[in-house]
J.: 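Dumping the structure here so I can ask a few things about it.
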Amino acid sequence: MRAGLEHRSPVPQWYLVLNGTEIIGGAGVIENDFHDRKDLTPNVCAVYVEEAYRNRGIAGRLLQLICDEFAEQGIHTLYLLTDHTSFYERYGWEFFCMAQGDGEEKASRMYRHAL
């Protein structure tokens, strides 16, 4: 986290969404979100919005901010691993393949976003 805060490296990065001083959401970008496709990097991870704040477009704006910042750094593709279907497509992400999460029985959906 320190490297991200000091901007020595584009990865890892962590993002918080605040309502005043209350943390209501967040996400990160890491090299690999604990899956077998080590070649698919960097990965958006831990996208979360508190339940009381959902359905307001917060996650979409957060994802767009992340995409914009990484595009400015010359990174052309981001990936994310999820069990959700249809959520990320709303924000321009496309299903790419299935990937096996570390310690998981079933494979999960890997999405990518071209920047």
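None of the values given here were measured: they were computed from a predicted structure. The figures that follow rest on heavy atoms only: side chains count, while hydrogens, waters and symmetry mates do not.
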J.: Linking I/L/V/M/F/W/Y whenever any side-chain heavy atoms sit under 4.5 Å apart, do Ile23 and Tyr53 land together?
T.: no
J.: So which atom in His84 and which in Tyr111 form the shortest heavy-atom distance, rounded to 0.1 Å?
T.: O-OH, 3.6 Å
J.: So, the side chain of Asn43 versus the backbone of Asn32: is there a donor-acceptor pair under 3.5 Å, distance only?
T.: no
J.: Using a 3.5 Å distance criterion without hydrogens, assess whether the side chain of Glu104 forms a donor-acceptor pair with backbone atoms of Ser108.
T.: no
J.: For Arg37 versus Cys97, what's the shortest heavy-atom pair and its separation?
T.: NH1-SG, 3.7 Å
J.: What distance separates Ile66 CD1 from His113 NE2, expressed to the nearest 0.5 Å?
T.: 11.0 Å
J.: Any sub-3.5 Å donor-acceptor pair from Arg109's side-chain atoms to Leu80's backbone N or O?
T.: no
J.: To the closest 0.5 Å, what do you measure between CZ (Arg61) and OH (Tyr91)?
T.: 9.0 Å
J.: Within the 4.5 Å heavy-atom criterion, are Leu78 and Trp93 side-chain neighbours or not?
T.: yes
J.: List the atom of His35, the atom of Ala99, and the distance in Å for their closest heavy-atom pair.
T.: CB-CB, 4.4 Å
J.: Decide whether Leu40 and Leu63 are clustered together by the hydrophobic rule: side chain heavy atoms of Ile, Leu, Val, Met, Phe, Trp, Tyr closer than 4.5 Å, transitively.
T.: no
J.: Kindly indicate whether the side chain of Pro42, heavy atoms from C-beta on, has any atom under 4.5 Å from the side chain of Ile75.
T.: yes
J.: For Ala114, does its backbone N or O pair with a side-chain atom of Thr77 as donor and acceptor, under 3.5 Å?
T.: no
J.: How far apart are the closest heavy atoms of Leu81 and Gly101, and which atoms are they?
T.: CD2-CA, 4.5 Å
J.: Say whether, by atom type as modelled, one donor and one acceptor occur between the side chain of Glu89 and the main chain of Ser86 under 3.5 angstrom.
T.: yes
J.: Test side-chain contact (heavy atoms from CB on, under 4.5 Å) on Cys45 and Trp14 and set out the steps.
T.: CA-CA 9 Å; Cys45 67; Trp14 298 97; 3.9 Å; yes
J.: Tell me whether Lys38 at atom NZ has more than 12 heavy atoms from other residues, nucleotides or ligands lying less than 6.0 Å away.
T.: yes
J.: Quick check for you: to the nearest 0.5 Å, what is the distance between His76 atom NE2 and Leu115 atom CG?
T.: 8.5 Å
J.: Between Phe96 and Arg112, is there a cation-pi geometry (under 6.0 Å to ring centre, at most 45° from the normal)?
T.: no
J.: Verify the neighbour count for atom CZ of Phe34: are there more than 12 heavy atoms of other residues, nucleotides or ligands below 6.0 Å?
T.: no
J.: Does the side chain of Leu62 reach to within under 4.5 Å of the side chain of Tyr15, using non-hydrogen atoms?
T.: yes
J.: Crowded around Leu65 CG? As in, over 12 foreign heavy atoms under 6.0 Å?
T.: yes
J.: Rounded to the nearest 0.5 Å, what separates atom OH in Tyr48 from atom CD1 in Ile58?
T.: 11.5 Å
J.: Is it the case that more than 12 heavy atoms not belonging to Glu22 sit under 6.0 Å from its CD atom?
T.: yes
J.: Give a yes or no on whether Val44 and Phe70 share a hydrophobic cluster (residues Ile, Leu, Val, Met, Phe, Trp, Tyr; joining criterion: side-chain heavy atoms under 4.5 Å apart).
T.: yes
J.: Does Asn55, at its CG atom, have more than 12 non-hydrogen atoms belonging to other residues, nucleotides or ligands within less than 6.0 Å?
T.: no
J.: For residues Val47 and Tyr88, report the shortest heavy-atom separation together with the two atoms involved.
T.: CB-OH, 3.7 Å
